[in-house]
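Residue numbers begin at 1 in each chain, while the letters A, B, ... track the order of the sequences.
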Amino acid sequence: MRSLDRYGPAALGFGGFVLFLVVVEILIRLGLINGYIVPLPSQVIVALERVIAEEGILPRFLLTAGEALGAGLLVALIGIPLGILLFEADLLRRATENWVAAFAAAPIVLVYPLFLVIFGRSSWTIIAIGTVAGLPPVILKTLEGLAGVRPVLIRVGRSFNLTPWQQFRTILFPAAVPTIFAGLRLGLIFAMINVVGVEFLINFGGLGPLINELSERYDMPATYAAICFVVLVSVLFFLAVERIEKWLRPAS
Amino acid sequence: MASTGVLTSSERASGWRPDPVLWVRLAIIVGVLVLWQVVAMSGLLYQDVVPQLPAIVAALGRLLVNPELYRNLWVTLYETVLALVFGGVAGLFVGIVLGGSRFFGRAFEPYLYYLGPTPKIIFFPVMIMWFGTGGGSKIAMGAFSCFFPVALSVAVGMRAIPPILMRVGQSFRASPRQMVQKIYLPAMREPVVNGLRLGFGIALIGVLLAETKLSNQGLGFLVIQNYQRFDMPAMYALLIAIFVLSMGANAAITRLTSRSAASGAR
Amino acid sequence: MSTATNLHQVSRKGAAAATGGQPILTVDHVVKSFETPQGKVTAVDDMSLDVRQGEFVSVIGPSGCGKSTLFNMIGGLLSITEGEIAVAGERVNGPHPSIGMVFQEESTFPWRTVEENVAFPLEIQGVGKAERLERAQHFIKLVGLQGFEKRFPAELSGGMRQRVAIARTLAFQPKLLLMDEPFAALDEQTRLLLGDKVTQIQQELNQTVVLITHNITEAVQLSDRILIMTYRPGRTKRIIDIDLPRPRTSEIVGSDAFGRYVAEIWNDLREEASQGMQDEEALAQQRKRP
């Protein structure tokens, strides 16, 4: 009874997923779905092996990962100081916080042709887009974390006669770190999504262009396999970032 | 928000003294424009990359009187709205089922949660195979992109409804129909509205990106056209127009939905 | 102890005698047990209680004694393992039209204004809009919230919201008003003043009330009788008559008699509460070494 309660949903979820693939396979074999536009799931699984073996997956993956991490690093180096600046300069914050939020909701990726003109078809364009996309959550979360420090902690600092710098270093920043980490996680994920997306759009870089190349060859099973692979890599990246955040994050 | 008649402190303070926030904003805008113009005139960067302000303003003027802009704007809006209808309704339905049932939530939500933050645009070749190179594939791209955030935010919002409200309904012996009509539906309004607002932005991005990749109409297509012609002032003008439009649309949806939420409560 | 026996003489005024002893609420040898992975746990064990028309009875006990379980059973939101609960002579098996519940948690509907919240039970009963808003107005006045009819709960303070919840339940016109620590989230002064409000309403409507609480002052201030529960499993430890004069206001907390009642109840509660505290410490200890 208890094991059903614990594993039932997971089993249903996974079973549903497998069942879906089996049903698609059957429908294609019966000719109810056009096998030309939707390849057999079994073929896709076979193609996955081929894609990994023949398409130079490892260097492609490393290039994409490098671009994403580069963008992530820039996001942290620019975003956290900007968040701190907005927190310290209240007037500036009141003037621009809404702008940053609006920026976060705007279709920023669309400026990639502009970056193409500036940086050319290079990894720099991709890194720049990843950085711009990842900045808003980091800025906003840094600000939120610092502004959300419990007032009593700040009063504790005052009671010990801390200088403003000591106050920031020993109380404000450590108290805000969990929220800042949450912002970094979001920023890194946004950066990664946009890195892969722009790689695909400008057909340059690592994993993104792979999908272009395969679909231009009309190799449907391999195209699907490559998409699945990229999705899988993204999910693993997401999981890893989540794990790292939990691991680094102090108990709070 | 219902009007409360309660003034916030900042509202009360600003009798007619100029707001310092406003001045800072103006100063930032003017500062950026001046810096831009200085860089443009100095020729430190290529003239092409940083065109002079008058050139951009002129391009913006030309753009706004050009009927081409409006024709393509309608195409993009039409595709985005349809994408939101398909993706949003599917997301709503799935979100309500997953948020309403602990069992289904635990079974399927992890898939949504982990598939949500993946680059959707890479599915575009598949969308072209399924729906052709015309508007269909753009709509599908937008719908597919916005399905995930809508479903997730509705599911999370559903679970955030305090269970105590259901117990109140039971204690007053509300019938099952009354429970749905008077408690579940009003309580769900907020997560649903938030989900759709989020979905609109994501659907728009999906449609625009798809248009830049392969299309012969829509705002995304216009951007790429300007890029290929290397007409930088026009591209800046167009990007400014798109950003203003997307923010305006977002604000309009917020206004619309919050008003309907307030009047719906009546 | 001697004070207790002195005060123990039954001297209920009018109300109970007038209805000839027919109780509004009968709790008859009620047991509630749960199946848990660790085995069967008895939360409420063999409790009995009669509440007469117009009477204000408090149930007091340490946290974890099963007060809320009892509350939910009387309210019909939780099934009874053994025994029987009856309201106005009818057996409770599900929410009963004669019982109105006020919950401990924030329970106003955030999407309804004050008057729409208060009119809610009338709406459920199918009362027309004009009439239900008019009747709601009466109960809004009763809890002293006139002028706030069109406000949303988010615009009110915690104490005001809880008054909305009470008005909403009163609009249900229950024979028995059943409240579960309705003032737990409020500060002491607000609590005392709201207590006055509740006393006043209760006297005005001759309302029968059962209040679940862990606050001794609150119980003595408001009640005609107090039932003290033991800690785990919850049993009746003692029932004390509170023979303080009515009409009563919060000023009574300064009187000697009030102090004696508080001391006497604490005397009974202390060992139960310390038992509860020891249990919690043991639990925390277990959690530390996994």
Side-chain angles (χ1 to χ4, degrees), chain A residues 5 8-17 34 36-38 91-92 94-96 99 102-103 105-114 116-118 186 189-190 192-201 207-208 211-212 214-216 220 223-224 226-227 230-235 237-239, chain B residues 10 19-28 45-46 48-50 102-111 113-126 128-130 197-198 201 204-205 208-209 212-213 219-220 223-224 226-228 230 232 235-236 239 242-243 246-247 250-251:
Chain A
D5 192 45
L12 176 68
F14 187 71
F17 177 65
N34 186 339
Y36 178 65
I37 59 173
V38 184
L91 197 58
L92 194 64
R94 283 195 285 151
T96 57
W99 290 358
F103 196 62
I108 316 171
V109 218
L110 207 63
V111 303
Y112 79 85
L114 193 64
L116 269 182
V117 176
I118 302 173
L186 284 178
I189 288 163
F190 282 20
M192 191 277 301
I193 293 176
N194 284 283
V195 160
V196 176
V198 172
E199 276 189 349
F200 167 78
L201 288 169
L207 293 172
I211 295 161
N212 272 327
L214 292 171
S215 75
E216 271 158 26
M220 275 303 121
T223 306
Y224 277 68
I227 292 174
V230 174
V231 167
L232 203 68
V233 167
S234 314
V235 171
F237 177 80
F238 183 33
L239 272 168
Chain B
S10 71
D19 189 355
V21 169
L22 204 69
W23 286 111
V24 173
R25 284 187 172 167
L26 270 177
I28 293 174
L45 286 166
Y46 319 102
D48 297 325
V49 177
V50 186
R102 241 175 77 77
F103 188 77
F104 281 120
R106 278 172 56 198
F108 295 108
E109 215 171 307
Y111 291 86
Y113 179 72
Y114 287 106
L115 286 178
T118 53
K120 298 295 161 346
I121 188 69
I122 58 169
F123 286 84
F124 191 47
V126 172
I128 294 175
M129 290 301 296
W130 290 359
R197 193 162 55 212
L198 190 68
L204 179 65
I205 293 178
L208 285 171
L209 283 186
T212 66
K213 183 72 180 173
L219 293 178
V223 172
I224 284 302
N226 281 326
Y227 165 71
Q228 280 160 350
F230 222 74
M232 290 309 283
M235 183 142 99
Y236 278 110
L239 287 176
I242 291 175
F243 277 78
S246 79
M247 282 177 206
N250 201 3

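The CG atom of A:Leu114 sits 4.5 Å away from atom CE of B:Met232, with the distance rounded to the nearest 0.5 Å. The CD1 atom of A:Ile108 lies 6.5 Å from the CZ atom of B:Phe243; values are rounded to the nearest 0.5 Å. Note that CH2 of A:Trp99 and CE of B:Met247 are 10.5 Å apart. Values are rounded to the nearest 0.5 Å. Rounded to the nearest 0.5 Å, atoms OH (B:Tyr114) and CZ (A:Phe237) are 14.0 Å apart. Taking CG of A:Leu91 as the start and CZ of B:Arg25 as the end, the distance is 10.0 Å to the nearest 0.5 Å. Here the CZ-CG distance, from A:Arg94 to B:Leu22, works out to 11.5 Å after rounding to the nearest 0.5 Å.
Of all heavy-atom pairs spanning B:Val24 and A:Ala95, the tightest one is CG1-CB, 3.6 Å. Summarising the geometry of B:Ile242 relative to A:Pro107, their closest heavy-atom pair is CG2-CG, 4.4 Å, with the distance given to 0.1 Å.
Within the 4.5 angstrom heavy-atom criterion, no atom of B:Leu198 approaches chain A. Heavy atoms closer than 4.5 Å to chain A are found in both the backbone and the side chain of B:Ile122. Of the atoms belonging to A:Asn212, it is side-chain heavy atoms, and not backbone ones, that fall under 4.5 Å from chain B. B:Ser246 touches chain A through its side chain: at least one heavy atom from C-beta onward sits under 4.5 Å away, while N, CA, C and O do not. Of the atoms belonging to A:Phe200, heavy atoms from both backbone and side chain fall under 4.5 Å from chain B. Using a 4.5 Å cut-off between heavy atoms, B:Ile128 does not touch chain A at all. Heavy-atom distances place the side chain of A:Tyr112, and not its backbone, under 4.5 Å from chain B.
Heavy-atom pairs under 4.5 Å with chain B were tallied for A:Ile227, A:Val38, A:Thr96, A:Val233; the largest tally goes to A:Ile227. Interface remark: of the candidates A:Val235, A:Ile211, A:Leu239, A:Leu201, A:Leu201 forms the most heavy-atom pairs closer than 4.5 Å to chain B. For the options A:Ala102, A:Pro113, A:Ser215, A:Gly208, heavy-atom pairs under 4.5 Å to chain B are most numerous at A:Pro113. The candidate with the highest count of non-hydrogen atom pairs below 4.5 Å against chain A, out of B:Thr212, B:Ile205, B:Asn250, is B:Thr212. Per-residue counts of heavy-atom pairs under 4.5 Å with chain B were compared for A:Leu116, A:Ile189, A:Val195, A:Thr223; the largest is that of A:Leu116.
The 12-atom threshold is not exceeded at CZ of B:Phe104, counting heavy atoms of other residues, nucleotides or ligands nearer than 6.0 Å.
Counting only heavy atoms from C-beta outward, the side chains of B:Thr118 and A:Val196 never approach each other to under 4.5 Å.
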Exercise. Apply the test side chain to side chain contact (heavy atoms under 4.5 Å, CB included) to residues B:Phe108 and A:Leu12: give CA-CA distance (whole Å), side-chain angles for both, the deciding distance (0.1 Å), then the verdict.
Key: CA-CA 8 Å; B:Phe108 295 108; A:Leu12 176 68; 4.0 Å; yes

Quiz prompt | Criterion side chain to side chain contact (heavy atoms under 4.5 Å, CB included) on A:Leu92 and B:Ile28, from CA distance to verdict | solution = CA-CA 9 Å; A:Leu92 194 64; B:Ile28 293 174; 3.9 Å; yes

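Applying the side-chain hydrogen bond (donor to acceptor under 3.5 Å, both in side chains) criterion to B:Trp130, with sequence neighbours excluded, gives A:Tyr224.
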